[in-house]
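Data block below; observations after.
Indexing begins at 1, ligand by ligand and atom by atom, following the structure's order. Side chains are part of it too, since the values below use all heavy atoms of this structure and drop only hydrogens, waters and symmetry mates.
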Amino acid sequence: MTDLHRLSIRELSEGLKTAQFSSRELTEHYLKRIAHIDPKVKSYVTITAEQALAEADAADAALKSGNAHALAGIPLAHKDIFCTQGIKTTAGSKMLDNFISPYDATVVAKAKAAGLVTLGKVNMDEFAMGSTSENSYVGATSNPWALDHVPGGSSGGSAAAVAADLAPIATGTDTGGSIRQPASFCGLTGLKPTYGRVSRFGMIAYASSLDQGGPMARSAEDCAYLMNVIAGHDAKDSTSINKEVDDYVANLNGTAVKGLRIGIPKQYFNVAGLDADVKARVEESLKKLEEMGATLVEVDLNMTEAYVPTYYLIAPAEASSNLSRFDGVRYGYRCENPVDLMDLYKRSRSEGFGAEVQRRILIGTYALSAGYYDAYYVKAQKVRRLIQQDFLKAFENVDVIAAPSAPTTAYKIGANLSPTEMYLGDIYTLAVNLAGLPAINAPVGFDKDNLPVGLQLIGNYWSESQLLSIVHQYQQNTDWHTKRAAIAEENA
Ligand code: GLN
């Protein structure tokens, strides 16, 4: 079969169960595509061919015995921020260039237990700091829709791999938009779950109170399958919540779009820098949802202007603390010939971390320092609470809130925006993490340059099923999620 990469997760699962093809054939098919096409996209940083084939054979044996998990034998790619036992985990940093984790992240362990086959690890901005994936020490990944454009970030490798059909599904992480924005830039569906729904154990920390892992795929249905595997309480992560997990696949038609109240924040559609095509495509998608029976209700999110400054104090503050463990002593990069301990710390960190990471460490350390702590960090935490309250108030009148995922489509590689310009591009995603809410990106069309546009739907706490269900029904009535970049149509 030459077009196994065009099948959905449900079709792959059925094909494997009924022995139309084996996991080995499927895995070889993807490895061949990666070998031929990924040199142009550069989404993978590590390809684990040998291990993948061994996992595929094990899945085939389980499938034969008849008691395999629904996803057994299906390949996936992991963002290189999830620790993988015996396989390099770099987090896109020279600091971890040679780091081999002694254990698996819980997300990775769960994927393995379900029989999913790991094709490899995919590129990302260093320590998940960025919006283009250009901050990776191995260099940029390309957007499959236009190779001279970025795939978004920080989970840009995950998005590019799926959009080029170099993996049917991938894991990502979202601290301030890193699942939703690359999904938007690459024409994919990506879900950022409620904080605490997916274990952070073994997921290299950027900003611990904001980080959350989630699925990236072509459709809501594909995301639901992966959520069924990775969601749930984990005793190894004290912030993961001990709350029953929905069956996201069974619930795909569980929320009625008819009668659904969709909040339209009046502040969001007048943001300076919102691209006209993005605005138009998002409004068209909302019109479609209206035709399907939803009602649009204006809501007031007064704190919109505070999102960027609040996030860019809290995230760097937590990052500066989390990244203090990389000191050149215990593991990771160490400078050559240090003259004393201070020299070892200083040079290992200056040589091991890239420019954006160093910038964040400086901002974070400043915000946490005695004398500035109350003025910056404590103040930001208070504003964070107001942002959350703003959402909770809106949810008294609406079921979900709609927004673009990003004000623009994908940037050109090397566009070299200033840090503040880059940070402003996160305006629509940051508040969701500050409030700990779930949100999803769905592809809803293209701009004049044929670059994908995404709609973001933000839900109340634990509404992952509802979000997946709304997008699933939208996708039953539209075909944006089935559109493929030219490079994905290439055969290996
Ligand atoms: N672009 C944001 C940042 O640089 C979000 C990144 C993320 O979600 N990991 O912090």
Candidate pair T46 and D80, rule side-chain hydrogen bond (donor to acceptor under 3.5 Å, both in side chains), full reasoning: CA-CA 9 Å; T46 305; D80 207 19; 5.0 Å; no

Proximity flag Y423 to ligand 1, non-hydrogen atoms under 4.0 Å: no

Contact check: S131 vs ligand 1, nitrogen or oxygen atoms, below 3.5 angstrom: yes

K94 NZ/CZ over Y137 ring centroid, <6.0 Å and within 45° of normal: no

Y312 contact mode with ligand 1 (heavy-atom cut-off under 4.0 Å): side chain

Atoms of ligand 1 close to S154 [distance to a heavy atom under 4.0 angstrom, numbered from 1]: 9 (N)

Criterion side-chain hydrogen bond (donor to acceptor under 3.5 Å, both in side chains) on S155 and K79, from CA distance to verdict: CA-CA 7 Å; S155 311; K79 183 175 182 179; 2.9 Å; yes

M129 N/O under 3.5 Å from ligand 1 N/O: no

is_close_aromatic(Y311, Y423), centroid dist under 6.0 Å: no

Centroid-centroid under 6.0 Å between F185 and Y411 rings: yes

D38 with R33: basic N within carboxylate O range, under 4.0 Å: no

Residue D426 vicinity, atoms of ligand 1 by number, heavy atom under 4.0 Å: 1 (N), 2 (C)

Salt bridge present between K266 and D300 (N-O < 4.0 angstrom): yes

Inter-residue atom distance H481.NE2 - Q475.CD, 0.5 Å rounding: 4.5 Å

Closest to atom 6 (C) of ligand 1 (judged by heavy-atom distance), picking from S178, P316, A406: S178

Subset of ligand 1 atoms that lie under 4.0 Å from at least one heavy atom of Y206: 3 (C), 9 (N), 10 (O)

Any A315 heavy atom less than 4.0 Å to ligand 1: no

Greater than 12 external heavy atoms within 6.0 Å of K379's NZ: no

Min heavy-atom dist E356 to ligand 1 below 4.0 Å: no

Ligand 1-proximal atoms of T175, by part, heavy-atom distance under 4.0 Å: both

Under 3.5 Å: N/O of G176 near N/O of ligand 1: yes

Short N or O distance, D174 and ligand 1, threshold 3.5 Å exclusive: no

